[in-house]
**Student:** 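Got a structure here, written out as structure tokens. Questions coming.
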2 protein chains.
Amino acid sequence: MYGPSKRTRRATAADVARLAGVSRSAVSRAFTKGTYLDAEKRERILLAAEEIGYRPNALAAGLQGQQSNLVAIFVGDMPNQYDKEAAASLATGLNAAGKWPIMIGGSDAVARAAASRVLSFPLEAMILRSGSLGADVAATCIKMGVPVISSGRIIEQDGVDNICVRNREGMREGVAHLIKGGCQRIAYIGGPSSFSSAPERRAGCLDALGGLELIAECEGLYTMESGYDAARALLKERRPDAFVCANDAMALGAMTYLREAGVCIPDDIALLGFDDIEMSGWPAFDLTTIRNPIDDMVAAITELLHRRAMDPAKEGEVILLDTKLVKRSSSRRLLPDR
Amino acid sequence: MYGPSKRTRRATAADVARLAGVSRSAVSRAFTKGTYLDAEKRERILLAAEEIGYRPNALAAGLQGQQSNLVAIFVGDMPNQYDKEAAASLATGLNAAGKWPIMIGGSDAVARAAASRVLSFPLEAMILRSGSLGADVAATCIKMGVPVISSGRIIEQDGVDNICVRNREGMREGVAHLIKGGCQRIAYIGGPSSFSSAPERRAGCLDALGGLELIAECEGLYTMESGYDAARALLKERRPDAFVCANDAMALGAMTYLREAGVCIPDDIALLGFDDIEMSGWPAFDLTTIRNPIDDMVAAITELLHRRAMDPAKEGEVILLDTKLVKRSSSRRLLPDR
DNA sequence: CCAGAATGTGCACACGTGTTCATATAGATG
DNA sequence: CATCTATATGAACACGTGTGCACATTCTGG
């Protein structure tokens with residue numbers, strides 16, 4: 001042990017070459033498919049590499065025009081459950097596709113600064129999964145030549161690929177289900193207007209109402225607490241027979257308040273959410289909701305990543321995902337289903 | 001537009017130099033603090049860089065002995081809520097510390113393979129946040145000269161830094177609180193024995209019982225469903241007055257079953273969890289639990305990262321985190337407290 | 001005015017890898 | 001045997017950057 005700092009030096013191809021008694025080129029070839037190299041020699045090299053813990057340095061390889069496989073995922077501060085679940089699935093999905101997802105998150109200022117700095121890596125793409133901000137981040141990426149994939153919010157910009165769920169159609173189907181079940185006096189708990197999903201889901205609700213108007217309405221923050229508060233506020237007004245919520249977190253908050261208030265679900269008031277987060281399926285809640293399909297989203301993103309790699313100059317496209325109405329007990333009225 | 005593939009070429013320092021009419025060295029210096037460079041010239045360079053969207057290539061810089069700031073986070077399949085919350089906080093925390101967290105996750109085989117391949121990057125550390133597996137991954141990392149930080153499970157191996165919560169002491173305090181509140185017939189829902197936290201927490205429970213024995217006991221999977229099933233199974237046995245659960249997810253599952261069964265919490269049966277996941281604080285649950293401090297964990301990890309950077313050859317150390325008993329209504333007995 | 005320090009700048013090297021190129025050897029084909 | 005092809009291998013280059021080095025210029029103090 002000559003120098004303490006030397007101890008941690010990473011093994012290099014030259015080290016392996018020396019140990020195996022071959023040229024450095026041979027070592028490189030040993031790790032590359034489809035090259036001419038004596039089989040016995042290759043084995044000897046791989047063995048030597050294993051012995052001293054060598055692996056080709058991805059940084060140096062990337063410098064050589066090799067695919068970096070690095071991908072950044074920009075999540076906001078992930079306030080609600082759905083964002084967390086989506087981020088986790090996305091990361092593991094990319095992983096399975098051989099990509100290396102770098103997570104960028106935290107509070108607005110921190111995340112935005114990090115998003116800017118991470119561009120010093122030759123990213124294969126920047127994936128935006130933050131409902132609210134992101135348009136300026138996208139602009140910076142495009143300028144740097146880094147492809148952008150926006151999920152959950154459509155960004156109108158050259159070269160930006162978009163993935164979005166059919167918010168309006170989904171909500172329309174959900175509310176239609178409530179109406180078919182006998183609900184007539186519907187109150188709506190909406191999301192913050194800074195999220196593009198909020199007005200779309202509200203529009204879907206109005207679609208299903210036909211000419212009818214909402215009994216009452218207010219705007220929440222997509223959090224459970226705000227759903228709780230909203231339910232309390234709306235209950236004071238003209239007695240509704242259904243709460244339609246722009247996402248599951250708020251629906252679960254509303255459910256909590258209604259139970260505390262002694263309201264029977266769904267007989268007195270039916271409840272509808274949006275997203276189908278894991279918790280909504282738990283027996284304790286059993287919330288009827290509209291599934292925002294995470295697996296489809298992940299599949300679409302890896303697909304877009306692939307297409308972009310094939311043709312870096314291709315036009316940006318928009319992929320729309322279908323929702324699925326998940327009927328559970330929070331909407332199972334005892335009234336005759338028409 | 002001469003060639004379509006040329007279009008996406010990343011801007012290089014030489015491009016900036018040409019545009020700004022300076023040497024390439026000057027460009028490099030413009031982006032480095034503490035170098036001699038005419039102020040007016042630096043500004044001109046930065047402006048030119050901004051114009052063509054240039055940023056120093058982290059790959060090439062890393063090749064130069066520069067810190068990579070890359071960190072891998074190995075999470076298992078994140079079956080339970082606490083893992084998801086911890087992973088999210090860890091990622092954003094590292095972010096704020098100027099690190100780039102690469103998430104590695106998914107099913108066992110996929111994650112393990114990915115963990116091996118990610119070592120081709122010059123990682124500053126591999127952070128293990130998977131309760132069960134990980135020892136073999138750690139061995140590979142150490143061999144490659146990549147420092148390992150294990151969180152939630154202590155790995156006895158040279159050069160591995162460990163962070164762990166005081167499971168035993170925490171659980172002891174929690175159960176003592178129940179006993180002080182009048183509980184005498186305690187049933188225990190444990191975690192899978194493959195997680196090192198499971199036996200520790202159980203030991204803490206037994207500590208608090210003094211000579212007493214558990215009324216009943218079974219082993220769950222740290223999931224809500226298994227907690228639900230366990231509660232049903234245990235309720236058939238000699239009537240307990242408290243359920244102690246090895247984590248919050250199982251406690252919430254148990255709570256769900258008990259409510260369905262018409263059992264009053266906490267008057268008939270008190271409930272104790274472990275972790276203090278976000279949901280436990282929601283009014284719908286209001287679960288008494290032992291906080292597994294995520295913020296402290298993140299702080300400890302960044303601290304260890306720093307120390308390791310200062311002295312790469314230092315010995316591995318063990319940091320133990322203190323829990324905090326969070327008293328909520330699931331343990332608030334009407335019986336006189338003492 | 002002079003010596004020395006402080007500041008500014010370009011050249012050239014090193015980092016670790018993949019790959020082209022030239023060359024050498026062995027095997028097949030006529 | 002002569003040619004041609006398939007296989008094997010090392011030398012050399014390129015990737016984009018940070019920085020040591022040598023040299024030029026300006027400033028400071030006597």
Side-chain angles (χ1 to χ4, degrees), chain A residues 5-6 8-46 48-49 52-70 117 119-123 144-145, chain B residues 5-6 8-46 48-49 52-70 117 119-123 144-145:
Chain A
S5 70
K6 274 292 178 192
T8 63
R9 202 187 113 255
R10 197 182 159 93
T12 156
D15 298 335
V16 178
R18 210 171 303 126
L19 179 60
V22 299
S23 76
R24 197 193 56 76
S25 305
V27 176
S28 179
R29 278 190 257 266
F31 283 89
T32 313
K33 274 278 178 212
T35 50
Y36 291 134
L37 185 62
D38 187 74
E40 187 269 340
K41 193 181 219 172
R42 164 171 274 139
E43 189 144 351
R44 188 155 40 105
I45 292 176
L46 292 179
I52 63 176
Y54 167 80
R55 209 153 305 191
N57 186 332
L59 262 51
L63 216 44
Q64 210 54 252
Q66 213 85 348
Q67 269 199 334
S68 76
N69 285 326
L70 287 172
R117 282 183 301 129
L119 290 176
S120 58
F121 289 91
L123 300 178
M144 295 273 312
Chain B
S5 70
K6 275 290 178 190
T8 62
R9 206 188 108 255
R10 198 182 160 92
T12 159
D15 298 334
V16 179
R18 210 170 304 125
L19 179 60
V22 298
S23 77
R24 197 192 55 75
S25 306
V27 176
S28 178
R29 278 190 255 267
F31 283 88
T32 314
K33 274 277 177 209
T35 49
Y36 290 135
L37 185 62
D38 187 74
E40 185 271 339
K41 194 181 218 172
R42 164 171 274 138
E43 189 144 351
R44 186 154 42 105
I45 293 175
L46 292 180
I52 62 176
Y54 167 79
R55 210 150 305 190
N57 186 333
L59 262 51
L63 217 44
Q64 210 55 249
Q66 214 83 347
Q67 268 199 333
S68 76
N69 285 326
L70 286 172
R117 282 184 300 129
L119 290 176
S120 58
F121 288 91
L123 300 177
M144 295 274 312

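What's counted below: heavy atoms across the whole structure, side chains too, no hydrogens, waters or symmetry copies.
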**Student:** Quickly work out the B:L37 CG to D:dT25 C1' distance and round it to whole Å.
**Tutor:**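 Between C1' of D:dT25 and CG of B:L37: 15 Å.
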**Student:** Between A:I45 (CD1) and D:dA8 (C1'), how many Å, whole number?
**Tutor:** 12 Å
**Student:** For B:R44, check side chain to side chain donor-acceptor pair (under 3.5 Å) against everything at least two apart and list the hits.
**Tutor:** none
**Student:** Using a cut-off of strictly less than 4.0 Å, decide whether A:K41 has a side-chain nitrogen or oxygen near OP1 or OP2 of D:dA8.
**Tutor:** no
**Student:** So do A:M144 and B:R10 actually touch side chain to side chain, heavy atoms under 4.5 Å?
**Tutor:**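 A side-chain contact under 4.5 Å exists here.
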**Student:** For the residue pair B:L37 and B:K41, establish whether any side-chain heavy-atom pair is separated by less than 4.5 Å.
**Tutor:**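 Answer yes - side chains close enough.
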**Student:** Please report the interatomic distance CG(A:L46) to CD(A:E43), rounded to the nearest 0.5 Å.
**Tutor:**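 Reported to 0.5 Å precision, the distance equals 7.5 Å.
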**Student:** Partners of B:A49 by side-chain contact (heavy atoms from CB on, under 4.5 Å), sequence neighbours excluded?
**Tutor:**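 B:A49: side-chain contact (heavy atoms from CB on, under 4.5 Å) contacts with B:V16, B:F31, B:Y54.
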**Student:** To the nearest angstrom, how far is A:D38 atom CG from D:dA6 atom P?
**Tutor:** 19 Å
**Student:** List the residues meeting side chain to side chain donor-acceptor pair (under 3.5 Å) with A:T32, not counting sequence neighbours, and say none if there are none.
**Tutor:** none
**Student:** Please identify each residue that fulfils side-chain contact (heavy atoms from CB on, under 4.5 Å) with A:Q67, with sequence neighbours left out.
**Tutor:** A:N69, A:K99, A:E124, A:A309
**Student:** Using a 4.0 Å cut-off on heavy atoms, which residues in residues 23-30 of chain A reach DNA chain C? List them by number, or say none.
**Tutor:** A:R24, A:S25, A:S28, A:R29
**Student:** Just how far, in rounded Å, is C1' of D:dA8 from CZ of A:R42?
**Tutor:** 12 Å
**Student:** Taking 4.0 Å as the cut-off, does a side-chain nitrogen or oxygen of A:Y36 come that near to OP1 or OP2 on D:dA8?
**Tutor:** no
**Student:** Return the set of residues passing side-chain contact (heavy atoms from CB on, under 4.5 Å) with B:L59 (not counting sequence neighbours), or none when no residue passes.
**Tutor:** A:L59, A:F121, A:P122, B:N57
**Student:** Along DNA chain C, 5' to 3', what are the outermost nucleotides having an atom less than 4.0 Å from a heavy atom of chain A?
**Tutor:** C:dG16 to C:dT20
**Student:** Sorted by first residue and then second, give each side chain to side chain donor-acceptor pair (under 3.5 Å) pair with at least one member in residues 15-27 of chain A; sequence neighbours left out.
**Tutor:**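 Every side chain to side chain donor-acceptor pair (under 3.5 Å) pair that includes a residue of residues 15-27 of chain A, provided the two are not neighbours, is A:R9-A:D15, A:D15-A:R18.
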**Student:** Return the set of residues passing side-chain contact (heavy atoms from CB on, under 4.5 Å) with B:L19 (not counting sequence neighbours), or none when no residue passes.
**Tutor:**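 So B:L19 forms a side-chain contact (heavy atoms from CB on, under 4.5 Å) with B:A48, B:E51, B:I52.
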**Student:** How large an angle, rounded to 10°, do the end axes of the helix from C:dC1-D:dG30 to C:dG30-D:dC1 enclose when each is built from five base pairs?
**Tutor:**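 Rounded to the nearest 10 degrees, the bend comes out at 30°.
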**Student:** What's B:T32 touching, base or sugar-phosphate or nothing? Going by heavy atoms closer than 4.0 Å.
**Tutor:**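 Here B:T32 touches the backbone only, sparing every base.
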**Student:** Write down the distance between CG (A:L63) and P (D:dG18), rounded to a whole number of angstrom.
**Tutor:**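 The distance from CG of A:L63 to P of D:dG18 comes to 12 Å, rounded to the nearest Å.
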**Student:** Give A:F31 one of three labels, base, sugar-phosphate or nothing, depending on what nucleic acid heavy atoms sit under 4.0 Å from its own.
**Tutor:** nothing
**Student:** Measure CD/A:E40 against C1'/D:dT7 and give the value in whole Å, please.
**Tutor:** 16 Å
**Student:** Mind checking what makes side chain to side chain donor-acceptor pair (under 3.5 Å) contact with B:R29, not counting sequence neighbours?
**Tutor:**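 For B:R29 there are no side chain to side chain donor-acceptor pair (under 3.5 Å) partners, ignoring immediate neighbours.
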